[in-house]
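So you know, we letter chains A, B, ... as the sequences are listed, proteins then strands, and number each from 1. Fair warning: this is a prediction, and the values are worked out from it, not measured in the lab.
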Amino acid sequence: MVRVEFLGPIQKDPLALEITNLNELAKILQGDDELGEWLKTSAVAVNDTLVSSLECELKDGDKVSLLPPVCGG
Amino acid sequence: MVRVEFLGPIQKDPLALEITNLNELAKILQGDDELGEWLKTSAVAVNDTLVSSLECELKDGDKVSLLPPVCGG
Amino acid sequence: MLELYDGALDVPAILKRWYEEEAKSNYGAYIPFIGTIRDEDSIEGLSFDVYEPILISWFNSWQNKAKAKGAIIKMAHSKGDVMLHESSYIAAVFSPKRRVALEFIDAFVEDFKASAPIWKYDLKHGERIYAKDRSTAIQGSGILS
Amino acid sequence: MLELYDGALDVPAILKRWYEEEAKSNYGAYIPFIGTIRDEDSIEGLSFDVYEPILISWFNSWQNKAKAKGAIIKMAHSKGDVMLHESSYIAAVFSPKRRVALEFIDAFVEDFKASAPIWKYDLKHGERIYAKDRSTAIQGSGILS
């Protein structure tokens with residue numbers, strides 16, 4: 001199982017999914033109306049490291065995080 | 001009388017001179033061996049305002065200051 | 001060193017402690033940047049969510065850049081609510097020379113604004129409203145869309 | 001506000017007082033620059049001469065530039081001797097927005113180094129030696145030569 005977390009203002013509970021790469025995750029989340037615009041503006045981290053492409057394998061126990069636009073300070 | 005002050009590291013007592021402009025002051029100080037290199041590297045203020053040319057009349061009671069290279073902080 | 005606090009920062013105490021921590025480290029320049037909540041848009045305050053694991057790795061990568069120039073950075077940030085005229089953010093650089101310090105604090109604060117995983121909310125009428133218009137998408141966002 | 005002190009600055013006390021003075025002024029950014037005496041070239045410390053009348057007019061011209069951008073500046077400097085690891089200089093900018101503050105502190109500190117009528121001496125073996133090599137001729141120097 002891969003755990004998918006939605007950070008900050010994305011009001012959505014974590015998911016536990018049987019997926020093996022980010023492409024599969026993209027297809028699942030694109031069908032989720034609840035996410036609305038967040039997919040376009042969010043960055044993605046796998047096991048707390050930001051990734052810049054979908055070419056990323058996932059294995060059991062991995063964590064994927066979606067990070068919406070930030071504003072610290 | 002015009003008072004001429006030498007600031008910071010210039011080790012020289014103030015002068016009281018009967019002069020009417022900065023050109024006269026320049027001639028007097030150029031003949032003063034004690035000043036050595038300081039004339040080339042010093043800025044000039046009349047009554048505590050920096051001046052950028054010798055075209056400056058002086059009157060009784062005026063103060064001229066020589067400011068050698070600075071390093072605050 | 002990265003410090004997170006619940007609520008507002010005690011700015012004088014943090015500035016003093018950091019100054020004293022590095023008093024004998026032979027740095028010639030110390031530049032803190034302090035961010036304070038302004039009274040604007042009828043807000044009562046701001047509130048912050050922080051995602052610590054990525055904030056720590058982001059901070060550590062900047063600490064390594066600082067070390068490469070003989071400098072160090074320190075940072076403090078609030079979690080949760082911070083009211084008007086209270087402070088939520090301090091970033092500081094210590095460096096042997098002033099040019100490195102002046103350039104580093106600017107680059108650090110700007111990248112902090114663009115990249116640090118912190119989310120800001122306006123507090124208005126007791127509600128917590130995401131500051132969407134002032135937020136910046138992290139570089140590389142949108143790959144799942 | 002320009003403050004001159006005999007000997008070293010009490011940095012934590014000054015940073016705290018300035019922060020509290022502007023606590024309700026609605027500035028979003030406060031950036032102090034603190035200069036500390038480094039242990040180098042076998043010095044025991046530094047010593048400073050300050051010519052106040054021109055320092056004050058130089059400072060006031062910068063205060064006017066700050067006001068034009070909605071900002072203010074504060075500065076403290078030592079006169080006389082300051083020993084190793086003590087601090088001799090604090091400059092600070094307060095501004096509504098961070099970009100103005102980051103750019104202003106840089107420009108102010110650089111012009112301070114090039115123009116403020118302050119002279120620095122190394123303290124070595126009890127002697128006071130003018131730091132000629134680190135000093136900068138004020139713009140317009142040499143007209144009498």
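Considering CG of B/Leu67 and CD1 of D/Ile118, their distance stands at 11.5 Å, rounded to 0.5 Å. Here OG of D/Ser145 is found 11.5 Å from CG of B/Leu35. Values are rounded to the nearest 0.5 Å. Once rounded to the nearest 0.5 Å, the distance linking OH of D/Tyr121 with SG of B/Cys71 reads 11.0 Å. Taken to the nearest 0.5 Å, the CG atom of B/Leu50 stands 9.0 Å off from the CD1 atom of D/Ile143.
Listed in order of number, the residues of residues 7-17 of chain B that approach chain D to under 4.5 Å between heavy atoms are B/Leu7, B/Gly8, B/Pro9. For residues 13-50 of chain D, the interface with chain B (any heavy-atom pair closer than 4.5 Å) comprises D/Phe48, D/Asp49, sorted by residue number. Residues of residues 54-74 of chain D placed with any heavy atom under 4.5 Å of a heavy atom in chain B are listed by number as D/Ile54, D/Ser57.
Comparing B/Pro68, B/Ser42, B/Ala43, B/Gly73 by heavy-atom pairs within less than 4.5 Å of chain D, the highest count is held by B/Gly73. Contact tally against chain B (heavy-atom pairs below 4.5 Å) for D/Lys132, D/Gln139, D/Arg134: the top residue is D/Arg134.
With hydrogens and angles ignored, the 3.5 Å screen pairs a side-chain donor or acceptor of D/Lys113 with a backbone N or O of B/Gly72.
When all heavy atoms are compared, the tightest approach of B/Pro69 to D/Ala137 is CB-N, 3.7 Å.
Only the backbone of D/Ala114 comes within contact range of chain B, judged by heavy atoms closer than 4.5 Å. Proximity to chain D is limited to the side chain of B/Leu29, based on heavy atoms less than 4.5 angstrom apart.
No more than 12 heavy atoms of other residues, nucleotides or ligands shown are found within 6.0 angstrom of NZ on B/Lys27.
Ring centroids of D/Trp119 and B/Phe6 are separated by 6.0 Å or more, keeping the two rings apart.
For residues 62-73 of chain B, the side-chain hydrogen bond (donor to acceptor under 3.5 Å, both in side chains) pairs, not counting sequence neighbours, are B/Asn47-B/Asp62, B/Asp48-B/Lys63, B/Lys59-B/Asp62, B/Lys63-D/Tyr51.
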